[in-house]
Amino acid sequence: DAEIAFDDRLRETCAAARAHDQRVTLILVDVIGTREVNEAHGHEAGDAMIRRAATGVQRSVRAVDFAARIGGDDFGIIIADGDLELGRRIARRIAHEIERSNGEPGSDIPVSVVFGVASGIAPDSAELFAAADQQITQHKRSRSLAVALAPWEDFDGPSVA
């Protein structure tokens, strides 16, 4: 199972970092809207979104990083001896690559992702994962709140004075 292999690799990387007092950075990538796309357009369309996100991840990480699909629509990237700024740069590269792929022919349904990036010196793997996952959860919560509070049906567009 890829998720178990990823968890094992994260634990191993964090243990090695503790032994040498080094930093580990973790990027979690969550593809947004796959459930809705699966329901509205079928699983083939949802799978295509996940494949495009995977390609964006693959094209954006360095050869020394460890990237894997860790759930239905989630990816994780382990950056050994990399700081938070490097993690954010790689996340931006992934976002740019996915945005570029959204403009390609045949990409009818755009892919959107949200990131969680956490970093620590000699970190505990569970704490590192929880910190990155919490960022994704907070983003989803704030996004849901904004959607719930926005009266989209009554919106006539921007006001121009």
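In this structure, the separation between OG1 on Thr55 and CD1 on Ile94 is 12.0 Å, given to the nearest 0.5 Å. Taking CZ of Arg11 as the start and CG of Asp124 as the end, the distance is 10.0 Å to the nearest 0.5 Å. Expressed to the nearest 0.5 Å, how far CZ of Arg23 lies from CG of Leu128 amounts to 10.0 Å. Once rounded to the nearest 0.5 Å, the distance linking CD1 of Ile79 with CD1 of Ile90 reads 3.5 Å. How far CD1 of Ile98 is from OG of Ser60: 7.5 Å, rounded to the nearest 0.5 Å. Taking CZ of Phe75 as the start and CZ of Phe6 as the end, the distance is 11.5 Å to the nearest 0.5 Å.
Of all the heavy atoms in Arg52 and Ser101, the pair that sits closest is NE-OG, 3.7 Å. In terms of heavy atoms, Thr25 sits closest to Ser119 at OG1-OG, 2.8 Å. The two residues Ala122 and Asp21 come nearest to each other via the heavy atoms CB-OD1, 4.1 Å.
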Give every donor-acceptor pair under 3.5 Å between a side-chain atom in residues 26-49 and any protein atom, sequence neighbours left out.
from: Asp30; atom 1: OD2; to: Lys140; atom 2: NZ; distance (Å): 2.5
from: Thr34; atom 1: OG1; to: Asp73; atom 2: OD2; distance (Å): 2.6
from: Asn38; atom 1: ND2; to: Thr34; atom 2: O; distance (Å): 3.4

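Under the 4.5 Å side-chain heavy-atom criterion for Ile, Leu, Val, Met, Phe, Trp and Tyr, Phe129 and Val24 are members of the same hydrophobic cluster. Under the 4.5 Å side-chain heavy-atom criterion for Ile, Leu, Val, Met, Phe, Trp and Tyr, Phe66 and Leu84 are members of distinct hydrophobic clusters. A continuous path of ILVMFWY side-chain contacts below 4.5 Å connects Ile70 to Ile78, so both sit in one hydrophobic cluster. Cluster membership for Ile50 and Val61, using ILVMFWY side-chain heavy atoms within less than 4.5 angstrom, is shared.
Thr13 places no side-chain N or O within 3.5 Å of a backbone atom of Ala80 that could act as its donor or acceptor partner. Using modelled atom types, no side-chain atom of Arg92 and backbone atom of Ala95 make a donor-acceptor pair closer than 3.5 Å. A distance-only check finds a donor-acceptor pair linking the side chain of Gln135 to the backbone of Val117 [under 3.5 Å]. Arg62 places no side-chain N or O within donor-acceptor distance of the main-chain N or O of Val64, the cut-off being under 3.5 Å. Looking at Arg18, its side chain does come within 3.5 Å of a backbone N or O of Pro123 through a donor-acceptor pair.
For Glu85, the CD atom sits in a packed shell: over 12 heavy atoms of surrounding residues, nucleotides or ligands are nearer than 6.0 Å.
For Glu12, the side chain to side chain contact (heavy atoms under 4.5 Å, CB included) partners are Asp8, Arg9, not counting sequence neighbours.
Between Arg100 and Glu104 there is a salt bridge, since at least one side-chain N of the basic residue sits less than 4.0 Å from a carboxylate O of the acidic one.
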